[in-house]
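Take a look at the structure set out below.
Being a predicted model, the structure only gives us computed values, none of them experimental. Each chain gets a letter, A, B and so on, in the order its sequence line appears, and its residues count up from 1.
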Number of protein chains: 2
Amino acid sequence: MQSPDSQKDITIYDLAARLGLSIATISRALNGEASVSPRTKKRVFEMAASLGYRMNDSARMLRSGRSNTIGCIVPQLNTHRMSAIVSAMEETARQQAYCLLVMQSLGSKEIEAICANLLFNKRVDALMVVPSEKTAGNMQHFDPFLKRDIPVILIDSGEEKHPFVNISTDNHKAGYDMTRHLLVRGCRQIVHITSSGSLPVYAGLCAGYRQAMTESGIPVKDHHIIPCALTREDGIHTIRTIWQQRKKPDAIFAASDECAAGCISALKEKGICIPGEIAVAGFGNDPVSLMTEPPLTTIDYPGHHIGKAAVHQMMDRLQEKTSSRTVAAIVLRSGLIIRKSTLIC
Amino acid sequence: MQSPDSQKDITIYDLAARLGLSIATISRALNGEASVSPRTKKRVFEMAASLGYRMNDSARMLRSGRSNTIGCIVPQLNTHRMSAIVSAMEETARQQAYCLLVMQSLGSKEIEAICANLLFNKRVDALMVVPSEKTAGNMQHFDPFLKRDIPVILIDSGEEKHPFVNISTDNHKAGYDMTRHLLVRGCRQIVHITSSGSLPVYAGLCAGYRQAMTESGIPVKDHHIIPCALTREDGIHTIRTIWQQRKKPDAIFAASDECAAGCISALKEKGICIPGEIAVAGFGNDPVSLMTEPPLTTIDYPGHHIGKAAVHQMMDRLQEKTSSRTVAAIVLRSGLIIRKSTLIC
DNA sequence: ATGAAAGCGCTAACAA
DNA sequence: TTGTTAGCGCTTTCAT
């Protein structure tokens with residue numbers, strides 16, 4: 001079972017025996033408790049180092065009930081937005097000696113529930129979730145966390161009724177601002193490509209779009225709001241479909257940069273001038289938004305700040321800081337990034 | 001300390017008491033052991049469900065010595081290549097009921113060592129590492145894993161001397177093939193933009209480039225190999241620098257798509273025709289490679305397969321499958337993706 | 001400032 | 001097929 005040269009772990013018992021102390025003192029010294037004399041502490045640390053002692057976290061966890069581990073569930077990891085969030089979470093967590101258990105729900109409510117179960121059993125100290133498309137409103141799989149008073153922090157979940165902390169961006173304002181930006185530049189036939197799912201991010205953008213249009217006295221046409229999966233291919237396909245119709249739009253506002261980039265490709269293929277004949281805007285400030293020709297106007301999604309804020313909020317909760325328990329939501333600002341694709345002269 | 005409605009956890013003792021069985025039987029039933037009668041199993045599972053029993057993983061971990069957790073250290077999470085690898089790892093791991101503890105070394109050897117320590121103490125069953133630029137050859141911080149016979153799997157670490165399993169792509173061949181591709185299309189002054197760091201991925205590409213050039217009887221000029229950080233900005237800057245010199249290259253082979261995309265931007269800014277006047281190729285098959293104009297020829301980095309292979313190899317090792325212990329390296333193929341940016345007529 | 005002792009919830013011999 | 005029992009390595013009262 002074990003390879004010949006693998007050795008038994010050094011425990012606090014070994015240290016205690018070698019130093020003629022009790023395991024209690026060793027434990028205290030190792031945890032830096034003030035009640036241990038400096039001399040003893042020094043001896044303990046030196047012996048620990050020389051024997052190569054390693055704390056057994058599972059034992060501590062079992063005893064203390066805390067794991068110094070945060071669970072994290074996202075739909076998928078390999079997108080710009082998600083990896084920005086998770087990257088920031090990990091970095092922030094590590095600085096506080098916390099680890100991040102990352103899982104992907106792959107957009108499935110069932111998998112999300114399985115992940116939540118697994119992470120609950122692993123006794124994570126907190127859970128951060130970017131809900132999948134399918135989760136909407138359905139949060140029972142987090143009940144065990146609630147019951148045990150384990151902080152659950154939701155990212156970009158529009159719901160206010162549930163008892164979790166919600167961290168999100170002001171997507172409504174972003175959608176509104178972007179639409180205003182296009183309107184101010186003279187666009188009137190503004191097509192909004194949104195998600196066919198029900199994620200609050202997209203709902204917010206869309207609501208902002210609607211409000212800006214309505215405020216400007218321009219009726220929102222149903223066929224100007226196009227739901228899809230927001231991929232590059234969807235962008236290409238959408239443009240091709242639209243261009244088969246009589247009336248062409250003078251602006252496209254897509255809820256993802258990839259999709260907007262696809263639009264740009266398809267438009268250029270048709271020889272249509274951007275932004276001369278049509279303005280194009282995206283969402284997310286994805287690296288691709290810098291690569292399009294012309295560069296893409298977009299909305300800066302502050303994924304890094306979101307991840308950081310989530311972990312900070314969680315730490316506050318775990319340390320029961322001032323009224324952290326009363327925080328219901330944190331909303332981060334996401335500004336416009338104006339580039340050439342909408343700079344109509 | 002606890003909120004009023006938080007309850008004590010249900011343990012196997014509770015189940016045992018309610019059912020008039022011993023904790024051993026409960027444990028066996030819960031673990032699906034064959035020695036427990038179907039009737040008893042059913043009763044146990046029903047009672048567990050009705051009381052909301054949750055296995056305490058830390059207790060099991062402490063007792064069994066296994067954590068069903070894999071540690072993973074990457075330089076950073078928010079790049080296309082890394083998130084592809086980690087995403088695949090997580091998905092593959094979850095299917096085997098394993099969790100992934102993800103940490104970022106941020107390219108620092110010190111942080112990498114800290115992460116390794118933390119993960120060791122957390123008693124991960126295996127460790128997967130994409131070494132940072134600075135780690136090269138210096139692997140002592142993984143010694144504790146070796147000593148305890150915990151599988152360590154390195155990704156894209158060119159080193160063969162250490163005792164870990166190494167999973168990588170055939171970068172030498174990829175670099176060779178790409179250079180051949182350019183040569184066959186008539187290019188002679190081929191500039192290779194590589195990493196200023198010492199990562200084997202880039203060393204492999206560069207070596208392949210050198211070999212192809214030499215084989216074709218074209219001496220490799222030192223100033224044709226340009227080291228940088230491979231960002232978009234580096235690409236732009238490199239082109240601007242090169243274009244101040246007398247002799248212009250007829251091809252650019254950059255070791256990252258972002259960098260190649262930067263090159264394309266800078267070249268178009270100068271009114272240079274791609275691929276007419278100069279061919280451009282990248283590496284990684286990053287989403288941006290589809291967004292450039294013209295689309296970028298690149299090398300497909302099979303991040304997904306790497307992550308999957310890493311976990312599979314690890315599972316084999318943990319289950320001591322056939323000769324899994326004798327595997328020293330797994331090399332995956334990474335083919336060329338030819339697009340318009342090098343299609344010289 | 002230090003020690004003794006009681007578990008945390010589970011697994012795995014060994015018994016029956 | 002089920003039960004008894006002894007820990008896994010640590011934290012944490014309660015004594016001293």
Side-chain angles (χ1 to χ4, degrees), chain A residues 1-2 6-45 47-48 51-69 120-123 125 144 148, chain B residues 1-2 6-45 47-48 51-69 120-123 125 144 148:
Chain A
M1 210 93 271
Q2 292 198 331
S6 81
Q7 309 171 16
K8 191 132 172 23
D9 279 337
I10 305 295
T11 71
I12 54 173
Y13 289 93
D14 299 317
L15 299 182
R18 302 267 190 143
L19 291 168
L21 290 167
S22 73
I23 56 163
T25 305
I26 307 292
S27 173
R28 290 184 188 113
L30 256 21
N31 286 305
E33 282 184 30
S35 64
V36 181
S37 81
R39 206 182 87 82
T40 307
K41 252 182 202 161
K42 186 157 172 288
R43 289 178 62 216
V44 171
F45 276 110
M47 182 60 77
L51 293 190
Y53 166 80
R54 308 299 211 105
M55 158 85 90
N56 185 328
D57 273 352
S58 29
R60 154 180 280 187
M61 203 188 304
L62 173 59
R63 183 58 229 241
S64 66
R66 295 190 313 100
S67 62
N68 275 254
T69 301
F120 181 90
N121 289 355
K122 287 233 179 292
R123 295 303 196 263
D125 292 341
R148 294 232 52 199
Chain B
M1 207 95 273
Q2 292 198 330
S6 81
Q7 309 172 19
K8 192 130 172 24
D9 278 339
I10 305 293
T11 72
I12 55 173
Y13 289 93
D14 299 318
L15 300 183
R18 301 268 192 143
L19 291 168
L21 290 167
S22 74
I23 57 163
T25 304
I26 306 293
S27 174
R28 289 185 190 114
L30 256 20
N31 285 305
E33 282 183 32
S35 64
V36 181
S37 80
R39 207 183 86 84
T40 308
K41 254 182 200 159
K42 186 155 174 287
R43 288 179 63 214
V44 170
F45 276 111
M47 181 61 76
L51 294 190
Y53 166 82
R54 307 297 211 110
M55 158 87 85
N56 184 328
D57 272 352
S58 30
R60 154 182 279 187
M61 204 187 306
L62 173 60
R63 182 58 229 244
S64 66
R66 296 190 314 99
S67 61
N68 274 252
T69 301
F120 181 90
N121 290 355
K122 287 233 179 292
R123 296 302 195 265
D125 292 341
R148 292 232 51 198

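Residues forming a side-chain hydrogen bond (donor to acceptor under 3.5 Å, both in side chains) with B:Arg18 (at least two apart in sequence, or on another chain): none. Residues forming a ring pair (Phe, Tyr, Trp, His ring centres under 6.0 Å) with A:Tyr53 (at least two apart in sequence, or on another chain): none. Remark: B:Lys122 pairs with A:Asp57 by the salt bridge (Lys or Arg N to Asp or Glu O under 4.0 Å) rule, at least two apart or across chains. Residues meeting the side-chain hydrogen bond (donor to acceptor under 3.5 Å, both in side chains) test with B:Thr69, sequence neighbours left out: none.
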Below 3.5 Å between N/O atoms, which protein atoms pair up with nucleotides 13-16 of chain C? Just atom names and distances, please.
residue : atom : partner : partner atom : Å
C:dA13  : N6   : B:Arg28 : NH2          : 3.1

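When the nucleotides C:dT11, D:dT1, C:dG9 are ranked by their closest atom to the side chain of B:Asn56, C:dG9 comes out on top. Among the nucleotides C:dG9, C:dT2, D:dC10, the one closest to the side chain of A:Thr40 is C:dT2. In the set D:dG3, C:dG9, D:dG9, the nucleotide with an atom closest to the side chain of A:Arg63 is D:dG9.
If you measure from atom CZ of A:Arg123 to atom C1' of C:dG9, you get 9 Å, rounded to the nearest angstrom. Rounded to an integer number of Å, the gap from NZ of A:Lys122 to P of C:dC10 is 14 Å. In this entry the distance linking CD of A:Glu33 with P of D:dT13 reads 10 Å, nearest Å. Whole-Å rounding puts the B:Arg39 CZ to D:dT1 P distance at 13 Å. Atom CG in A:Leu19 sits about 18 Å away from atom P in C:dA1, given to the nearest Å. The distance from atom CZ of A:Arg60 to atom C1' of D:dT12 is 13 Å, rounded to the nearest whole Å. When the C1' atom of D:dG9 is taken as reference, atom CG of A:Leu62 falls 9 Å away, rounded to whole Å.
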Hey, can you pull the donor-acceptor pairs under 3.5 Å for the side chains in residues 25-32 of chain A, sequence neighbours left out?
residue : atom : partner : partner atom : Å
A:Thr25 : OG1  : A:Ser22 : OG           : 3.2
A:Asn31 : OD1  : A:Arg60 : NH2          : 2.4
A:Asn31 : ND2  : A:Ser27 : O            : 2.9

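Within the 4.0 angstrom heavy-atom criterion, no nucleotide atom of any strand lies near B:Asp57. Nucleic acid contact class of B:Ser37 (heavy atoms, under 4.0 Å, all strands): sugar-phosphate only. Among the heavy atoms of the strands lying under 4.0 Å from B:Met55 are primed sugar atoms or P, OP1, OP2 only; no base atom is included. Across all strands shown, B:Ile23 has heavy atoms under 4.0 Å from base atoms, whether or not it also approaches the sugar-phosphate.
Place B:Thr11 and A:Ser35 on DNA chain C by their nearest nucleotides, and A:Ser35 ends up nearer the 5' end. Both B:Leu21 and A:Tyr53 lie near DNA chain D, and the one whose nearest nucleotide falls closer to the 5' end is B:Leu21.
Side-chain atoms of B:Tyr13 and base atoms of C:dC10 include a donor and an acceptor less than 3.5 Å apart.
For B:Arg43 (side chain) and B:Leu19 (main-chain N/O), a donor-acceptor pair under 3.5 Å exists by modelled atom type.
Dashed line: the shortest gap from a side-chain N or O of B:Ser64 to OP1 or OP2 of C:dT11 is not under 4.0 Å.
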